[in-house]
Number of protein chains: 2
Amino acid sequence: MNVKNSYTLADVALRAEVSEITVSRVLRNKASVADKTRERVLAVVRQMGYVPNRVAGTLASAGSNLIGVVLPSLSNIVFPDVLRGIHASLASSGYQPVIGVTDYDMNTEEELVASLLSWQPAAMIVSGLHHTDYTVAMLKRSGVRIAELMDIDSPPLDIAVGMSHRQAGYDTAMHLHKRGYRRFGYVGHDRERDERAARRYEGFREGLQALGLSLIGEATLDGPSSTQAGRELLGQLLAQHANLDVVVFSNDDMAVGGVFHCFAAGIKPREDLALFGFNGLDIGQALPQPLSTILSRRFLIGKTAAEMILQSPDYPGQPTICDTGYDIVEGETA
Amino acid sequence: MNVKNSYTLADVALRAEVSEITVSRVLRNKASVADKTRERVLAVVRQMGYVPNRVAGTLASAGSNLIGVVLPSLSNIVFPDVLRGIHASLASSGYQPVIGVTDYDMNTEEELVASLLSWQPAAMIVSGLHHTDYTVAMLKRSGVRIAELMDIDSPPLDIAVGMSHRQAGYDTAMHLHKRGYRRFGYVGHDRERDERAARRYEGFREGLQALGLSLIGEATLDGPSSTQAGRELLGQLLAQHANLDVVVFSNDDMAVGGVFHCFAAGIKPREDLALFGFNGLDIGQALPQPLSTILSRRFLIGKTAAEMILQSPDYPGQPTICDTGYDIVEGETA
DNA sequence: CTGTTAGCGCCTTCAG
DNA sequence: CTGAAGGCGCTAACAG
């Protein structure tokens with residue numbers, strides 16, 4: 001496929017009148033090389049525009065600078081934020097992320113993990129704590145560190161970085177109760193696929209139960225979250241249950257849609273109906289009345305995971321659970 | 001770095017009582033292998049959980065299944081959308097994207113291109129038509145197909161897929177003039193870094209000039225676009241120029257911020273002040289009054305670029321410019 | 001249909 | 001400080 005037109009170490013060595021290994025050492029700042037030799041080599045490298053072949057390097061040294069990253073989705077800003085965090089830590093380290101996207105499908109995840117592992121990555125970063133048995137087997141056998149992101153509600157394979165979504169759901173109920181709300185509604189999306197939304201929902205219902213309350217009505221979409229869906233579902237929910245005083249949404253995308261429904265229907269957020277989201281997206285905070293929500297620290301999750309891997313890249317490392325926590329954002333809609 | 005605990009072709013070959021090359025052929029569905037042999041080999045592979053080492057495979061065959069993708073940013077949904085398009089085309093092809101993010105910095109781009117090329121990718125996908133000389137040299141010398149995305153306002157290296165941002169800016173002026181607007185304002189972000197925003201701005205001003213009009217006022221931020229920035233800048237602009245009848249924003253994020261400013265300040269979009277964006281993001285269309293904007297076809301751009309590469313992966317292919325066009329979305333804010 | 005031979009480009013190890 | 005030999009795991013090319 002590739003035209004064989006690129007230079008090799010041997011070409012550089014020939015022109016610089018040294019051996020291949022000397023060029024290799026210069027390029028990797030390894031061992032000691034005389035300054036004069038180094039400069040001569042570097043001059044030749046620049047002049048030829050030589051680019052090392054890392055494929056060969058990886059094969060020879062049995063270790064790449066790639067980090068496999070498996071994310072469920074890129075449709076929403078949440079995972080790009082995680083990715084930015086990963087990038088931020090990796091930027092100056094020489095490591096390079098290789099991304100795969102599962103669309104919340106565990107079999108796709110399995111294929112991606114196999115495919116990424118075949119590149120001999122230095123570490124793997126995956127999302128969530130649930131995977132197929134074969135995925136788990138491959139990851140364990142790979143001998144590299146594994147970071148599982150977003151969630152800490154189940155035991156991790158190695159490193160887990162994230163927050164308790166169950167607790168966040170529970171705290172949502174408590175927080176809203178403390179603010180005086182009693183008649184709860186819920187608007188959500190596909191919990192089969194989005195496990196973390198499911199954990200929050202469960203925690204939320206547990207919270208209500210602990211308070212001696214229950215959910216008066218809910219509207220749930222059998223698909224991914226979106227602003228448009230949140231807008232429509234809130235309309236449907238209110239048509240059935242006009243007497244709610246607060247509606248909790250599965251995330252901010254949905255909640256912003258809810259706010260838009262209120263605008264269009266002449267409902268005053270908080271005054272007439274309180275709205276509560278999850279994620280703490282910019283868009284919610286830029287609304288005329290900032291959205292009341294829970295801020296998940298997505299950038300921090302990615303950044304922390306990559307840092308932990310860089311810190312002790314060797315497997316097996318110390319198994320760790322890192323709780324990045326969350327903030328309740330008071331906002332003005334609840 | 002990696003523990004040497006994974007099986008090799010030789011291990012599989014030994015257990016299946018065939019030669020390495022036979023295992024290799026079975027795994028790649030290459031050449032003809034007797035059904036009986038194939039089954040025996042596959043059984044052993046599954047039982048051992050053997051995962052091929054693509055690093056070695058790539059070195060031996062001088063061709064990887066990786067496609068280097070260099071994007072300027074992931075902070076906004078635009079480039080994740082492009083990435084989804086790329087994924088969509090690549091999904092069943094066996095190719096795998098490797099992502100780099102430049103933060104709109106050309107030197108970072110240069111480093112990333114070098115780093116990605118060192119993995120012997122089957123193709124490279126980059127953003128925009130302007131790169132450092134060294135980046136261009138490396139790309140040309142790589143011998144793989146190069147797709148430059150988003151923009152078709154300058155001559156491409158190989159394949160260009162995108163739209164004319166200059167034309168979009170020009171058409172914005174024409175469209176708004178036709179709708180009766182005469183007193184134009186502009187709210188924008190860092191044009192030094194975001195070239196395409198700069199092209200649109202230029203085209204917009206050219207359009208105004210062709211109409212015998214000029215920009216009455218503008219507010220520009222020396223940083224990346226955001227909803228919050230759009231909101232604040234519109235406030236500032238109106239404080240200085242109260243008599244505008246339409247404001248064009250550098251993109252939808254900024255424009256949605258503008259709409260939020262209007263909500264907060266009691267200004268009725270369109271009736272009191274028209275607002276116009278660029279991108280056609282979901283969020284703008286989910287507003288109580290859908291944003292008037294130009295829809296860029298981001299998913300299509302990524303999808304088309306990847307398809308074109310798959311269609312004729314060999315370099316040099318036919319140099320091509322593919323105009324994915326755009327739609328003016330009438331909306332209700334202009 | 002199956003096997004043998006000879007590298008791919010680089011890095012590790014061991015000598016100078 | 002520099003070099004020579006050998007091999008990483010796989011596959012192209014050529015036998016049988």
Side-chain angles (χ1 to χ4, degrees), chain A residues 1-41 45 48 50-66 94 117-122 142-143, chain B residues 1-42 45 48 50-66 94 115 117-122 142-143:
Chain A
M1 190 87 64
N2 285 347
V3 183
K4 221 226 99 181
N5 57 355
S6 52
Y7 295 119
T8 71
L9 262 195
D11 298 322
V12 177
L14 208 64
R15 284 223 217 171
E17 300 182 304
V18 290
S19 68
E20 294 183 29
I21 188 62
T22 299
V23 180
S24 173
R25 288 201 259 249
V26 168
L27 259 19
R28 286 176 302 143
N29 298 311
K30 272 252 175 132
S32 36
V33 178
D35 280 353
K36 221 175 152 181
T37 313
R38 173 187 307 282
E39 278 166 32
R40 184 151 38 92
V41 169
V45 164
M48 297 174 81
Y50 168 72
V51 177
N53 181 339
R54 281 210 208 248
V55 175
T58 300
L59 181 58
S61 66
S64 82
N65 67 338
L66 295 177
L117 282 177
S118 75
W119 284 97
Q120 315 290 101
S142 73
Chain B
M1 189 87 62
N2 285 346
V3 182
K4 223 228 97 182
N5 58 355
S6 52
Y7 295 118
T8 70
L9 262 195
D11 298 322
V12 178
L14 208 64
R15 284 224 218 171
E17 301 183 303
V18 290
S19 68
E20 293 184 31
I21 189 67
T22 299
V23 180
S24 172
R25 287 201 261 249
V26 168
L27 259 20
R28 288 177 299 144
N29 297 311
K30 272 250 175 135
S32 35
V33 177
D35 279 355
K36 219 176 153 181
T37 313
R38 172 187 310 281
E39 279 167 31
R40 184 153 34 95
V41 169
L42 284 176
V45 164
M48 298 175 79
Y50 168 72
V51 178
N53 181 337
R54 278 207 212 253
V55 175
T58 300
L59 181 59
S61 66
S64 82
N65 68 337
L66 296 177
S115 172
L117 283 177
S118 75
W119 284 97
Q120 315 291 101
S142 72

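We use all heavy atoms of the structure for the numbers below, so side chains are in, but hydrogens, waters and symmetry mates are not. Chain letters run A, B, ... following the sequence lines, proteins first, then strands; residues in each count from 1.
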Within this structure, what is the OG-CZ distance for the pair B:Ser61 and B:Arg54, rounded to the nearest 0.5 Å? 10.0 Å
So which nucleotide from C:dT2, D:dG3, D:dG9 ends up closest to the side chain of B:Thr8? D:dG9
More 5' along DNA chain C: B:Asp35 or A:Val51, using each one's nearest nucleotide? B:Asp35
Does A:Tyr50 have a side-chain nitrogen or oxygen under 4.0 Å from the phosphate oxygens OP1 or OP2 of C:dC10? yes
Nearest heavy-atom pair of B:Ser19 and B:Ala13: which atoms, and what distance? C-CB, 3.7 Å
Atom-to-atom span, CD of B:Glu39 to P of C:dT2 - whole angstrom: 12 Å
Looking at every heavy atom in both A:Gln120 and B:Val55, which two are closest together, and how far apart are they? CG-CG2, 3.7 Å
Among C:dC11, D:dC10, D:dT2, the one nearest any side-chain atom of A:Ala34 is D:dT2
Could you check how far CG of B:Asn53 sits from P of D:dT11, rounded to whole Å? 9 Å
Taking CH2 from A:Trp119 and P from D:dC10, how many angstroms apart are they, rounded to a whole number? 13 Å
How long is the line joining CG of B:Leu9 and P of C:dG3, in whole Å? 13 Å
Just checking B:Val55: base, sugar-phosphate only, or nothing, at a heavy-atom cut-off of under 4.0 Å? nothing
Which nucleotide in the list C:dC10, D:dG3, D:dT11 gets nearest to the side chain of B:Ile21? D:dT11
In whole angstroms, how far is the C1' atom of C:dC10 from the CG atom of A:Asn65? 14 Å
Look at the side chain of A:Arg25 against the base of D:dG3 and say whether a donor-acceptor pair falls under 3.5 Å; ignore hydrogens and angles. yes
Over all strands shown, is B:Arg28 touching base, sugar-phosphate only, or nothing at heavy-atom distances under 4.0 angstrom? sugar-phosphate
Between A:Ser61 and C:dC11, is there a contact of a side-chain N or O with OP1 or OP2 at under 4.0 Å? no
Heavy-atom nearest pair, B:Glu20 first then B:Leu9, reads O-CD1, 3.8 Å
Within the pair A:Ser24 and C:dC10, is there a side-chain N or O less than 4.0 Å away from OP1 or OP2? no
Could you state the atom-to-atom distance from CZ of B:Arg40 to P of C:dT2 in whole Å? 8 Å
Students often get this wrong, so: under 4.0 angstrom with heavy atoms, is A:Leu59 touching a base, only sugar-phosphate, or nothing? base
Hey, could you give me the CD/CG distance between B:Glu39 and B:Asp35, rounded to the nearest 0.5 Å? 6.0 Å
Whole-Å distance between C:dG9 C1' and B:Leu117 CG? 16 Å
Atom-pair distance (CD on B:Gln120; P on D:dT11), nearest Å: 16 Å
Counting only side-chain nitrogens and oxygens, does A:Ser19 get under 4.0 Å of the OP1 or OP2 atom of D:dA4? no
Go through the steps to decide whether A:Leu66 and B:Trp119 satisfy the test side chain to side chain contact (heavy atoms under 4.5 Å, CB included), and finish with yes or no. CA-CA 10 Å; A:Leu66 295 177; B:Trp119 284 97; 3.5 Å; yes
Counting the atoms with a prime plus P, OP1 and OP2 as sugar-phosphate, which does B:Thr58 contact under 4.0 Å by heavy atoms, base, sugar-phosphate, or nothing? nothing
